Number of protein chains: 2
Amino acid sequence: MKLSKRGEYGLRALQDLAAHYEGGPVSTNDLAERNNIPSRFLEQIMLILKHGRIVHSKKGPHGGYHLARSPERITLAEVVRLLDGPLSPISCVSETAFEPCGCPDMEACGLRRVMQAVRDAVAAMMENTTLADLLSK
Amino acid sequence: MKLSKRGEYGLRALQDLAAHYEGGPVSTNDLAERNNIPSRFLEQIMLILKHGRIVHSKKGPHGGYHLARSPERITLAEVVRLLDGPLSPISCVSETAFEPCGCPDMEACGLRRVMQAVRDAVAAMMENTTLADLLSK
DNA sequence: CATAAAACATATAATATCTATAGGATTTAT
DNA sequence: ATAAATCCTATAGATATTATATGTTTTATG
């Protein structure tokens with residue numbers, strides 16, 4: 001049920017980028033230093049985020065990353081799915097990566113019902129929370 | 001955000017044990033067969049559940065496992081924590097395994113606020129759901 | 001134009017975890 | 001006595017995580 005460091009670092013960096021959304025690009029080094037993240041590791045994460053069209057980049061001096069969209073239009077769900085995969089506790093209730101689980105009768109499975117509810121609750125919270133929501137007190 | 005196979009198998013086996021709560025012990029082999037679980041792997045899981053005081057065991061022919069308490073008194077939270085560890089998405093919001101995360105200001109961290117809410121929601125669902133709830137339609 | 005700052009791209013090391021299998025030891029019903 | 005079952009520990013095999021390393025490319029700036 002835990003987020004990977006990759007996911008956690010990515011979210012922290014994006015939260016930082018959201019805070020600096022007005023203004024020029026922010027370098028990996030600055031992001032890493034401010035948020036206590038190993039900088040070479042963060043570099044890879046930023047690349048994933050770029051390929052996932054969550055950030056844009058600018059090369060060269062004074063280059064760096066900035067959000068590809070305004071903070072209100074980037075949900076935590078999108079980021080977590082990109083960096084950490086599906087939100088479901090078990091694959092038989094996943095929207096994005098369904099797989100049967102091997103229980104005798106899927107429809108009658110009580111465990112499945114509960115895990116479906118957990119997935120729905122988590123997904124709803126993550127889909128309704130944007131990077132902008134992370135900033136407001 | 002996903003449960004391990006260990007956790008999933010353990011829950012499925014316990015759901016089965018709850019269904020057979022009236023009646024004698026159920027062997028690992030029966031549990032494994034009925035639920036499509038590798039039987040030697042399940043053996044280890046049952047041992048963990050035994051040491052965690054969630055099941056009792058009886059050795060010898062017609063031996064096996066039965067719940068240590070009635071199904072209404074075993075929550076999914078207890079089982080998942082035992083087999084898969086803390087429920088929190090990040091350690092800085094964990095009740096059972098708190099650790100600071102490295103963000104500049106924990107109190108002001110928006111990400112932390114959201115993850116705290118996710119943890120609380122998941123924990124509440126898991127703590128309020130018992131093995132008995134898995135059986136009722 | 002030279003330099004340095006930065007992203008970009010891969011490779012790979014180090015570690016951990018997950019999943020599962022194996023080999024036996026112990027208990028106990030029949 | 002036998003066989004069914006738990007119990008215990010080790011370890012294999014696979015995969016994922018986390019991180020470091022090495023270098024290439026782009027580009028702003030002096």
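Fair warning: this is a prediction, and the values are worked out from it, not measured in the lab. Just so you know, these numbers use all the heavy atoms, side chains as well, and skip hydrogens, waters and symmetry mates. All chains are named by letter (A, B, ...) in the order of the sequence lines, taking the proteins before the strands, and each is independently numbered beginning at 1.
Contacts between residues 25-34 of chain B and DNA chain D, defined by a heavy-atom separation under 4.0 Å, are made by B:Ser27, B:Thr28. Residues from residues 74-91 of chain A that place a heavy atom under 4.0 Å from any atom of DNA chain C: there are none. Of the residues in residues 3-18 of chain A, A:Ser4, A:Lys5, A:Arg6, A:Tyr9 come within less than 4.0 Å of DNA chain D through at least one heavy atom, sorted by number.
Distance CZ (A:Phe41) to P (C:dT12): 19 Å, rounded to an integer number of Å. Atom C1' of nucleotide C:dA6 and atom NE2 of A:His66 are separated by 14 Å, given to the nearest angstrom. The interatomic distance linking A:Ile48 (CD1) with D:dA16 (P) rounds to 14 Å, in whole Å. The separation between B:Lys2 atom NZ and D:dT17 atom C1' is 15 Å, rounded to whole Å. Here the P atom of nucleotide C:dC18 and the CG atom of B:Leu42 are 17 Å apart, to the nearest Å. Rounded to an integer number of Å, the gap from CD1 of A:Ile45 to C1' of D:dT20 is 13 Å.
Judged as a ring-ring contact (aromatic ring centres under 6.0 Å, His included), and not counting sequence neighbours, A:Tyr65 has no contacts. Considering only residues two or more places apart in sequence or on other chains, B:Arg53 meets the side-chain contact (heavy atoms from CB on, under 4.5 Å) condition with none of them. The salt bridge (charged side-chain N to carboxylate O under 4.0 Å, His left out) test applied to A:Asp84 returns no partner, not counting sequence neighbours. A:Glu33 is linked by a side-chain hydrogen bond (donor to acceptor under 3.5 Å, both in side chains) to nothing, counting only residues two or more places apart in sequence or in another chain. With sequence neighbours excluded, no residue satisfies side-chain hydrogen bond (donor to acceptor under 3.5 Å, both in side chains) with B:Thr129. Take B:Asp120 and apply the side-chain contact (heavy atoms from CB on, under 4.5 Å) test, not counting sequence neighbours, and it matches B:Gln116. For A:His56, the side-chain contact (heavy atoms from CB on, under 4.5 Å) partners are A:His66, A:Ala68, not counting sequence neighbours. When the side-chain contact (heavy atoms from CB on, under 4.5 Å) test is applied to B:Arg40, the partners found at least two apart in sequence or on another chain are B:Glu43.
Judged purely by atom type and a 3.5 angstrom limit, B:Ser88 has no side-chain atom pairing as donor or acceptor with the backbone of B:Ser91.
Of all non-hydrogen atoms in B:Glu78 and B:Gly52, the two that sit nearest each other are OE2-O, 4.4 Å.
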| said: Evaluate A:Leu31 against A:Ile37 for side chain to side chain contact (heavy atoms under 4.5 Å, CB included), listing each step before the verdict. | reply: CA-CA 8 Å; A:Leu31 290 173; A:Ile37 301 172; over 6 Å; no

| said: Show, in sequence, the C-alpha distance, side-chain angles and deciding distance for B:Arg81 and B:Glu95, and conclude whether the salt bridge (charged side-chain N to carboxylate O under 4.0 Å, His left out) test is met. | reply: CA-CA 11 Å; B:Arg81 287 207 179 96; B:Glu95 298 277 318; over 6 Å; no

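The CG atom of B:Leu17 sits 13.5 Å away from the CZ atom of B:Arg12 when rounded to the nearest 0.5 Å.
The nearest heavy atom of DNA chain D to B:Gly64 and to A:Gly60 marks one nucleotide each, and the one closer to the 5' end goes with B:Gly64.
The side chain of A:His62 places an N or O atom within less than 4.0 Å of a non-bridging phosphate oxygen (OP1 or OP2) of D:dT29.
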| note | A correct 5'-to-3' footprint of nucleotides 7-12 of chain D, with B, S and - meaning base, sugar-phosphate only and no protein heavy atom under 4.0 Å, is BB-B--

